[in-house]
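Below is one structure, written out as structure tokens, with a few remarks after it.
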Amino acid sequence: MRYALVTGGSRGIGKAISIRLAKEGYYVLVNFRSNIQEAEDTLNSIKEEYGNAELLQFDVADYEQTINALDNWKKQNEDKHISVLVNNAGISSDNLMVWLEKEDWDKVINTNLNSFYNVTRHLLTDMIVNKWGRIINVVSLSGVKGLPGQTNYSAAKAGVIGATKALAQELGKKKITVNAVAPGFIKTDMTQELNEKELKKMIPLNRFGTAQEVANLVNFLVSEESSYITGEVININGGLYT
């Protein structure tokens, strides 16, 4: 049994990834911050598909809370280790830079970028000792090309892209791959306020993507079939680049 941690795993893309990995036989640790109802719904969905999972509550932006939660899980599961990590948790707080408050800058950087360090650093030792691991970072089109009104979000996701490429070079000899997936417009709670009818005109495939399609890509990058892919940023955006 291999264990996978999906941060922000209770809703949207994270929920789809959690369910997909559970279907593949992983025991999934579904991380969430505060919405217990969403988390329990995800857990029930996994169990309905005959998957194995449990909930793991902590705020990825809080270093001490993250370390305590992961340490407590390890103490209760001494013979187990997390070999797959999907850094998916993220928030947005959009505004033009001229009106962007420091609070909105800080909370987006903490949740989307600093959380990468908080979670990943603590899980690396077990992966290195066991000489196998998969780290998948969910970034964004915003981090690849930048989007107006998302300077904070674009900065955070671009930071994770750089960290992905650097960490992949550090860990390759230990058979640990590190990749990022960069979704474009995906139908989730975060995009439900957007004008899909107008925006899809910009997309060659003429539609928004689904969380399940992102989950399928993550599942491939976790599998043995992707063992020669590392340090990559794979766009999943329907052909939207400009």
Side-chain angles (χ1 to χ4, degrees), residues 1-47 49 51-77 80-92 107-127 133-140 156-157 160 163-164 167 178-181 183 186 188-190 211-212 214-215 218-219 221-222:
M1 176 71 71
R2 281 179 170 165
Y3 291 76
L5 169 62
V6 181
T7 69
S10 67
R11 57 192 295 185
I13 290 174
K15 179 177 182 177
I17 293 170
S18 296
I19 294 172
R20 186 70 174 89
L21 294 183
K23 283 183 177 180
E24 291 299 312
Y26 286 91
Y27 186 99
V28 180
L29 307 178
V30 180
N31 161 256
F32 70 104
R33 181 171 65 93
S34 59
N35 194 328
I36 185 64
Q37 185 60 58
E38 292 259 9
E40 289 180 343
D41 287 347
T42 298
L43 184 62
N44 290 335
S45 295
I46 290 173
K47 291 183 175 179
E49 298 286 344
N52 294 309
E54 67 180 88
L55 302 179
L56 195 58
Q57 183 176 15
F58 62 89
D59 181 358
V60 295
D62 187 317
Y63 178 76
E64 294 298 332
Q65 193 178 128
T66 299
I67 297 309
N68 288 337
L70 295 175
D71 280 346
N72 287 336
W73 184 85
K74 186 65 176 177
K75 288 175 183 177
Q76 296 168 15
N77 300 272
K80 304 176 179 67
H81 73 278
I82 296 167
S83 60
V84 172
L85 168 60
V86 182
N87 286 306
N88 167 75
I91 62 169
S92 62
K107 68 183 181 183
V108 169
I109 295 296
N110 285 335
T111 301
N112 295 293
L113 177 56
N114 291 342
S115 63
F116 167 81
Y117 173 85
N118 295 345
V119 181
T120 308
R121 166 64 180 83
H122 204 59
L123 299 181
L124 285 182
T125 300
D126 277 340
M127 293 186 190
R134 295 285 189 267
I135 299 171
I136 313 296
N137 301 313
V138 180
V139 290
S140 171
K157 293 300 188 180
V160 175
T164 298
L167 187 60
V178 188
N179 291 291
V181 299
I186 306 296
T188 66
D189 292 346
M190 289 183 71
Q212 185 60 54
V214 180
V218 171
N219 182 63
L221 290 173
V222 164

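Heavy-atom basis, side chains included; hydrogens, waters and symmetry copies ignored.
Residues passing the side-chain hydrogen bond (donor to acceptor under 3.5 Å, both in side chains) test with Lys107 are Asp104, sequence neighbours excluded. Every residue two or more places apart in sequence or in another chain that forms a side-chain hydrogen bond (donor to acceptor under 3.5 Å, both in side chains) with Arg11 is listed here: Asp189. Applying the side chain to side chain contact (heavy atoms under 4.5 Å, CB included) test to Lys47 and every residue at least two apart in sequence or in another chain returns Leu43. In terms of the salt bridge (charged side-chain N to carboxylate O under 4.0 Å, His left out) criterion, Glu40 has no residue partners (sequence neighbours excluded). Remark: Lys80 engages no residue in a salt bridge (charged side-chain N to carboxylate O under 4.0 Å, His left out) (not counting sequence neighbours). Shown here are the side-chain hydrogen bond (donor to acceptor under 3.5 Å, both in side chains) partners of Asn44, two or more places apart in sequence or in another chain: there are none. In this view, Thr66 and Phe58, Leu70, Asn118, Val119 satisfy the side chain to side chain contact (heavy atoms under 4.5 Å, CB included) rule, not counting sequence neighbours. In this structure Thr164 satisfies the side-chain hydrogen bond (donor to acceptor under 3.5 Å, both in side chains) test together with Asn137, sequence neighbours excluded. Residues forming a side chain to side chain contact (heavy atoms under 4.5 Å, CB included) with Ala16 (at least two apart in sequence, or on another chain): Ala211, Ala215. Residues that satisfy the salt bridge (charged side-chain N to carboxylate O under 4.0 Å, His left out) test with Asp126, not counting sequence neighbours, are Lys74. For Ser140, the side chain to side chain contact (heavy atoms under 4.5 Å, CB included) criterion is met by Ser142, Tyr153, Lys157, not counting sequence neighbours.
Among the candidates Arg134, Met127, His122, the single residue satisfying the side-chain contact (heavy atoms from CB on, under 4.5 Å) test with Leu85 is Met127.
The shortest non-hydrogen separation linking Ala61 to Thr111 is CB-OG1, 3.8 Å. Ile19 and Ser45 make their closest contact through CD1-CB, 3.8 Å (heavy atoms, listed as atom of the first residue, atom of the second, distance). Between Ala22 and Ile46 the shortest heavy-atom distance is CB-CG2, 3.5 Å.
We find the CZ-CD distance between Arg33 and Glu38 to be 12.5 Å, quoted to the nearest 0.5 Å. For the atom pair CD1 (Ile186) and CD (Gln212), the distance works out to 11.5 Å, reported to the nearest 0.5 Å. Taking CD of Gln57 as the start and CG of Asn31 as the end, the distance is 8.5 Å to the nearest 0.5 Å. For the atom pair Thr7 OG1 and Asn88 CG, the distance stands at 5.5 Å (nearest 0.5 Å). Rounded to the nearest 0.5 Å, atoms CD1 (Ile82) and CG (Asn77) are 9.0 Å apart. Distance CG/Leu124 to CD1/Ile135: 5.0 Å, rounded to 0.5 Å.
Looking only at atom types and distance, the side chain of Glu64 has no donor-acceptor partner in the side chain of Asn68 under 3.5 Å away. Between Asn87 and Ser115, the side chains place no donor N or O within less than 3.5 Å of an acceptor N or O (distance only, hydrogens not considered).
The side-chain heavy atoms of Val86 and Leu21, taken from C-beta on, include a pair separated by under 4.5 Å. Residues Ser10 and Lys15 have side chains not in contact (no heavy-atom distance under 4.5 Å, counting atoms from C-beta outward). Inter-residue side-chain proximity for Leu5 and Leu123 is flagged as met; some heavy-atom pair is nearer than 4.5 Å. Put simply, the side chain of Asn114 does not reach to within 4.5 Å of the side chain of Val60, judged on heavy atoms. Here the side chains of Val138 and Pro183 are in contact, with some heavy-atom distance below 4.5 Å. In this structure the side chain of Val181 never reaches within 4.5 angstrom of the side chain of Val139, judged on heavy atoms. A 4.5 Å side-chain heavy-atom check between Ile36 and Leu55 finds at least one atom pair inside the cut-off.
A ring-ring contact (aromatic ring centres under 6.0 Å, His included) check over residues 12-47, counting only residues at least two apart or in different chains, returns the pairs Tyr3-Tyr27.
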Pair Asp41-Gln37, side chain to side chain donor-acceptor pair (under 3.5 Å): steps then yes or no: CA-CA 6 Å; Asp41 287 347; Gln37 185 60 58; 3.0 Å; yes
